[in-house]
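All chains are named by letter (A, B, ...) in the order of the sequence lines, taking the proteins before the strands, and each is independently numbered beginning at 1.
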Amino acid sequence: MLTDLSPSDNHLRATGLACRRGERRLFKGVAFDAPAGTLVRVTGRNGSGKTSLLRILVGLSTPDAGAVFWQGRPVLADRLAWSSQVLYLGHASALKDDLDAAENLEFACRLAAEPIRAEALALALARLGVAHRAGVPARFLSQGQRRRVALARLALTSRPVWVLDEPVVGLDMAAMAEVEQIIGAHLAHGGIVVLTTHQALDVAAPRPMVVDLDAVSLEAVA
Amino acid sequence: MSTLAAILRFELLLAWRRRSALATTLGFFVIVASLFPLALGADPKLLRLIGAGVVWVAALLATLLGLARLFAADHEDGTLEQLRLAPLPLPLAVMAKLAAHWLLTAVPLCLAAPILGLQYGLSQGAIGVLVAGLLLGTPVLCLVGAVGAALTLGLRASGVLVPVIVLPLEVPVLIMGAGAVEAQASGLGAGPWLSLLAALFIVFLVAAPSVIAFALRISSE
């Protein structure tokens, strides 16, 4: 599934990002430079603007200042092209209560215009340990199971950039290990992952990086 | 294109799973339209006179029912974010959603309207014009209503605000739709009125999706 990546060109860059919510300035001068294989961890206390930063990166919000570049081009110059490069999983799992797990996953893929085969879909659900719940309407799934269904997208997508907002919240150890492995494999294939998490996530990343919104300074941990 | 078809298909599937909600809209339409004879008395001449207007007012109110929640569920569960990030222009995605909404809520109204027309003693020609008017007018009602729903997305009072914003804007549709039936009944011919409705439909079909998409972007920024 990771075959169409051309890893050498992959390059996500942000310069001087600033964000304001009402009167309050959340952050300014956020910048990072993430080549292929980079895991960017966005850290900061509650309310420091982690989610806002992720939403700016994917193009859901416009920054007050600064810009995001993908392969050297500003992403806002061609929103549709950027949309087909980035996968965003937000706080909300985007599951419909009246659809079952498999239908929800299929819709997510189709909405993203990603090709989908029934076997791959079943395999992805199995990987996240929810295959036995595939035919159950999402309203009967537990919080952790809903999260697992949403995360099964990761096993199906061919997009190079993943932006994940608290991806492992509510997951048990087994599911967390699986997610760590999926993210690790993506990075190894030249993908780029930007995520926020309060849990300790053990991912084998070729290039780890931390963007700390409390300090708004950037430090490579490598 | 296949993304559009997917949105349409999943909206229809979702609506089918919640089909009781659709019956509610239709039931509301029939009940509202049936209240007037109870209040005004059963004089056949009076009923024939007010029939078209009553059906139109009932249709206006019934289409409002589902509208306030049109984008709210998607907004709350995160689907709206994914719609905005889908690799297709947001106005197109909005159109697909609205097409499904119209098919499932307005088309049943159009199908039920002839029965209500008979109840009010409308002539066959008048009933034909009534249905034609509804088929042209209800898409406009959906589009205008969706603008209101998108503008009030995330506001606590949106359920009350949407009718207040939307109803005044829907007055022209009401005038043209009811006017068409009246013109038909008085022998003038409904053609001009229906043409006006069609023109209104085209204008809104072209303009509204972009406005809705713009409002959705602002509301979910």
Crowded around Arg19(B) CZ? As in, over 12 foreign heavy atoms under 6.0 Å? yes

Side chain, backbone, both or neither: which part of Leu83(B) has a non-hydrogen atom closer than 4.5 Å to chain A? both

Using every non-hydrogen atom in the two residues, find where Ala94(A) and Gln82(B) come nearest and quote the distance to one decimal. CB-CG, 4.0 Å

Is the number of heavy atoms from other residues, nucleotides or ligands within 6.0 Å of CZ (Phe214(B)) greater than 12? no

Report yes if some heavy atom in the side chain of Lys96(A) is under 4.5 Å from a heavy atom in the side chain of Asp74(B); otherwise report no. yes

From Leu88(B) atom CG to Leu111(A) atom CG, the distance as rounded to the nearest 0.5 Å: 7.5 Å

Closest non-hydrogen atom pair, Ala86(B) against Leu80(A): O-CD2, 4.2 Å

Quick check: closest heavy atoms across Ala112(A) and Pro87(B), and the distance to 0.1 Å? O-CG, 3.6 Å

For atom CD of Gln199(A), is the number of surrounding heavy atoms from other residues, nucleotides or ligands below 6.0 Å larger than 12? yes

If you measure from the Lys or Arg side-chain nitrogens to the Asp or Glu carboxylate oxygens, is any gap between Glu221(B) and Arg21(A) under 4.0 Å? no

Please classify the contact between Thr62(A) and chain B as side chain, backbone, both or neither, with a heavy-atom cut-off of under 4.5 Å. both

Determine whether Thr79(B) and Phe107(A) make a side-chain contact, defined as any pair of heavy atoms from C-beta on separated by less than 4.5 Å. yes

Taking Ile7(B)'s backbone N and O only, do any of them form a donor-acceptor pair with Arg110(A)'s side chain (distance below 3.5 Å, no angle check)? no

Residue Ser93(A) versus chain B: region with a heavy atom under 4.5 Å: backbone

Please report the C-alpha distance between Glu106(A) and Arg9(B) in whole Å, then the side-chain angles of each, then the deciding distance to 0.1 Å, and finally whether the salt bridge (charged side-chain N to carboxylate O under 4.0 Å, His left out) criterion is met. CA-CA 12 Å; Glu106(A) 188 198 338; Arg9(B) 190 161 71 81; 3.0 Å; yes

Within a reach of under 6.0 Å around CZ of Arg18(B), are more than 12 heavy atoms found that belong to other residues, nucleotides or ligands? yes

Using a 4.5 Å cut-off on heavy atoms from C-beta on, say whether the side chain of Asp77(B) contacts that of Leu95(A). no

Would you say CD of Gln124(B) has more than 12 non-hydrogen atoms from neighbouring residues, nucleotides or ligands within 6.0 angstrom? no

Atom pair OG/CG of Ser84(A) and Leu85(B) - distance to nearest 0.5 Å: 11.5 Å

Note: Arg17(B) and Asp98(A) closest approach over all heavy atoms is NH1-O, 3.0 Å

Residue from His91(A), Arg55(A), Arg79(A) scoring the most non-hydrogen pairs under 4.5 Å with chain B is Arg55(A)

